[in-house]
Amino acid sequence: MSEPRKSKSEQKLIGTPMRKVEGLSKSTGRATYTDDIALPGMLHGKILRSPHPHARIVSIDASAAEALEGVHAVITGEDMPTCYGIIPWTPDEYPLCLDRVRYVGDGVAAVAAVDEDTAIRALDLIDVDYEVLHAFLDPHEAAEADGSTAYIHEPKKEGWNGNVTKMVHLEFGEVDDLMDMSDVVVEGDYLFEGTTHAPIEPHCAIGQWDGVGRLTVWSATQVPHYLHRELARVLGLDQAQVRVLQPLVGGAFGGKSEPFDLEFCVGKLAMLTGRPVKILYTREEVFYSHRGRHPFHMTYRTGATSEGKLTSVDAKILLDGGAYASFGLVTTYYSGQLLCAPYEMPAYRFDSKRVYTNKPACGPKRGHGSVQPRFAFEIQLDKLAERLGIDPIEFRRRNFIGENTRTVNELRVTSNGFLECLDAVQRASGWDEKFRTMPFGRGIGVAGSTYISGTNYPIYPNEMPQSAVQMQIDRSGRVAVFSGASEIGQGCDSVVAYIAAEELGVPLEWVRVLRGDTDFTPVDLGAYSSRVTFMLGNAAIDAAKKLKALVQKAVAAAWEVKPAEVLLADGFAVWAPDTSRQMPIAEAFNLAEAEFGTLGSTGWYNTPKDVHGEYRGGTIGASPAYSFTAHVAEVDVDVETGIVDVKKIWVAHDCGRALNPILVEGQMEGSAYMGFGEALMEEQLFKDADHGRAGLHNAPSLLDYRIPTSLDTPELESLIVESIDPEGPYGAKEAGEGPLHPSIPAIANAIYDAIGVRMDRLPFSPPHVWRAVEASRDQGSLGKPEGPRTLASPPDVEAEPVHAD
Amino acid sequence: MTTTHDIVRLHVNGDLREVGVPTHYTLLETLRYILGLTGSKQGCDKGDCGACTVVVDGRPTLSCITPVWEAVGTEVITVEGLASADGPHPLQDEFDLNGAAQCGFCTPGILCSASALLERTRAPSREEIKDALAGNLCRCTGYTKIYDAVEAAARRLSADDASADAATEGGASTGGASPVETDREPGGV
């Protein structure tokens, strides 16, 4: 380690278990979500959706719907003919389709009526005439299209394939030479079928127009700022006319991180009717709105020396993007850019292509673009370790990239606790006694990963802060924080409250957080890319320290001591040299207000700009800090039925510093759970013409699209590792997405340890596992694999993981 | 469009309420739209997710697939009815202390299922807790913190029962806030 780590002992509250500021409101039913809001005179909206995966809209006749009693307005694409898209370079969708539908479920018209039942009846009365077009459901077919049938989108240049969203080819180092010189090269094809977020709260939005130029939209969104901008642009309003309110959000996971049709529709319908309008998605609509994990078709070649050092990595990836670009430009880069740690790679190439298909658009889901390649790559590492006879934990240690370094694609890595993560899971799982030694059918597997703590650059180019808060202190001793961040359950309101309480010395219950109102809070870009704790936390520290300095100065003047000797803690200002000298914090605040006037401050955070390479795309994947994770999974596999029973997952995560260990553990366990669900159960599949109506979702319900229940979920053990990041707030990095990644390959590697069968496609459901078992049986390879010649070195006894209790 | 309404008498959270509801309304729609009890959530509207769970005559019940007339003549408890004038129910407090509610959308339903369980037994095993919550999907927590919270609340309720038994009248616990120390010492609030 090149630099001493920051001390953890300076804070009193930070690092201890604390309540969440909105916790009791959630457990008593007082918490307000968007659908809990009912406004006087509110109308209910519904959206008519396409029954075809690909068709031209010939005509729409809404006259019968408009004539229905109780219907106040019907709108179609013509009412909002402005193209938008979350990524400014790839706008390709309209709130309601203009002349073409591109997936089953694409919106074509919307109605506002006195109640939901009337709105549903009105939808039935809208007559849409379609000219059905050839539907591309298979990404390979879409990639090879020649224009003989209509492309899904117009080609950007003549002669191009209009089904291609984005191609990225990046190469670092001598990939082919080093591959040729490798002692061992392993190859594999991997398929990650898409999965969806399935938050328990369906999307909901309410629009209210004041009749003279101001639109208010309440929405269950993760990105109120981007929604604010797009609402103004699409509805032809000035941004100053639009206010976005974000009530508490009932889960998101990336599924609410861009504008959706309902938000534009409630805005437009409210403007047309002069009445508030609410739209609540049905669960089926949530499945069709999607924007979830892309299906990836991946091929990897990975080389290593006989000593177990990686030499070269070569990847080819086809991304099945669905009907619209969404975040796809970023996903295409992320599919390659985020693989370059925690292991040192002398050479790396990836060739990624995202194509449109006539299915719901894919976008970001927890671990955006990097969960799929991590699944493939960690299996590749397992294969290499086995070929070389090296224990897979030991193999990963030998390739550790280190702290304060650059990846092969030139991303700056600072703090890195990956080795401690490996130590922790090795020790806690009893790895040394279990790996390759348990009976046939029982197995254990390991995997590692890294993830960003926020993207270094905002979605639209600008030099302004990525995150900001305003803070004020009042005469009663209270602190009010105005935060633009997005509370989606991860605890960002609590993070700013913890920081205010820590720095200003007030009890936590004296801190009030006002959040989620673009009229009254400074801009934070949203809850995505694991950016919030890192960026908002630094902004809050900045604001709090400015106020703290004023309070210290005022108290110091009264006591005739030095400001640095005045401590603020536990509701008091205290003189450090003699702690019996103290005054209640409210009194200290009053002294400061008398001295400096009304007390408020702003604090903000912006990213460092020298943390990436100077090549096209080099900024994508750049982050001020990276988290690191290692998992060990233990499984039972029944080769007769193909049933995999995951007994336990040990989750070690380097979050930099756990500001509240309970919340960090919650993120780790929730991530591991979600990865487990993707590994064993979840699959966002669509029917082809041979199996029903083409483009129809296979299982758009929470009964049929199975997510893990309490009975399915394995035991999860969290092992917090703290590397104390030099730039993070009190040393913190992200915890919300990184710990998902290794679940899937750790389980795949555990299945191999159990029965000697490689699982190269997801999910590891009974039919898939059973087929893989039968294929192995035919090849004679079913059975317990041989143990490694080189065992894992013992874990570092010094590094004990942190437990919350 | 006209909708036929019925007058129904419902016992909800200890109150007798007489309200007019559209004939086809579910219990969930009545709670949320007529009575303003928005604590119970609509996650799927077809009985798959459990977010709408309320307690009907002691049994966890999916209110989104229960016609409102089926609730006539029963005692309905929603998440709003778990707390008392003394403060939150130990389950509600422990959910907060243990980080068992992240986004909080499944929480009201889970609390109703868990409270029905703890009325049946004060010392449920972890397997019993898993069984009791199998109809409530949580997408945030991985369930671990939820089990911790239910177990902690069970210990508090048991301690309440014991101290109530020790008191002269020896009545049953009303499930109000408990002065018993919790396992974890939170840093604030």
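First the proteins, then the strands, lettered A, B, ... as listed; each starts at 1. Not measured: the values here are computed from a predicted model.
Side-chain contact between A:Arg19 and B:Leu97 is present, with heavy atoms from C-beta onward closer than 4.5 Å. A 4.5 Å side-chain heavy-atom check between A:Tyr673 and A:Thr713 finds at least one atom pair inside the cut-off.
Proximity to chain A at a heavy-atom threshold of 4.5 Å picks out B:His24 from residues 20-28 of chain B, in numerical order. For residues 247-255 of chain A, heavy-atom neighbours of chain B at less than 4.5 Å comprise A:Val249, A:Gly250, A:Gly251, A:Phe253, sorted by residue number. Listed by sequence position, B:Val79, B:Glu80 are the residues of residues 55-81 of chain B in contact with chain A, using a 4.5 angstrom heavy-atom cutoff.
In terms of the ring pair (Phe, Tyr, Trp, His ring centres under 6.0 Å) criterion, A:His197 has no residue partners (sequence neighbours excluded).
Note that CD of A:Gln667 is 10.5 Å distant from OG1 of B:Thr141, once rounded to the nearest 0.5 Å.
Heavy atoms of A:Thr28 lying under 4.5 Å from chain B belong to its backbone as well as its side chain. With a 4.5 Å cut-off on non-hydrogen atoms, A:Asp117 touches chain B through its side chain but not through its backbone. For chain B, the nearby parts of A:Pro708 are the backbone and the side chain; heavy atoms of each come within less than 4.5 Å. Using a 4.5 Å cut-off between heavy atoms, B:Leu111 contacts chain A through its side chain alone, with no backbone atom that close. Using a 4.5 Å cut-off between heavy atoms, A:Glu284 makes no contact with chain B at all. Interface remark: B:Ala134 contributes backbone and side-chain atoms alike to the contact with chain A (heavy atom separation under 4.5 Å). When heavy atoms are compared at a cutoff of 4.5 Å, A:Ala31 approaches chain B solely by way of its backbone atoms N, CA, C and O.
A donor-acceptor distance shorter than 3.5 angstrom exists from the side chain of A:Glu285 to the backbone of A:Thr282, with no hydrogens or angles considered. No donor-acceptor distance shorter than 3.5 angstrom exists from the side chain of B:Glu18 to the backbone of B:Arg9, with no hydrogens or angles considered.
The residues B:Arg122 and B:Asp161 are annotated as salt-bridged, a charged nitrogen and a carboxylate oxygen being separated by less than 4.0 angstrom. With respect to the salt-bridge test (charged N to carboxylate O, under 4.0 angstrom), the residues A:Asp35 and A:Lys278 qualify. For A:Glu665 and B:Lys145, the salt-bridge test passes: some basic side-chain N is under 4.0 Å from an acidic carboxylate O. Note on B:Arg126 versus B:Asp148: salt bridge recorded, some NZ/NE/NH1/NH2 to OD/OE distance being below 4.0 Å.
Across all non-hydrogen atoms, the minimal contact from A:Glu682 to A:Ile707 is OE2-CG2, 3.7 Å. Annotation for A:Lys648 and A:Pro714: closest pair N-CB, 4.1 Å, computed over non-hydrogen atoms.
Each of B:Lys130, B:Arg139, B:Arg32, B:Gln42 has some count of heavy-atom pairs under 4.5 Å with chain A, and the biggest count is that of B:Arg139. When B:Thr144, B:Thr107, B:Ile146, B:Asn136 are compared by the number of non-hydrogen pairs under 4.5 Å with chain A, B:Thr144 comes out ahead. Counting heavy-atom pairs closer than 4.5 Å to chain A, the top-ranked of the candidates B:Asp131, B:Ile110, B:Leu91 is B:Asp131.
A:Ser701 and B:Lys46 share no donor-acceptor pair across their side chains, judged by distance under 3.5 Å alone.
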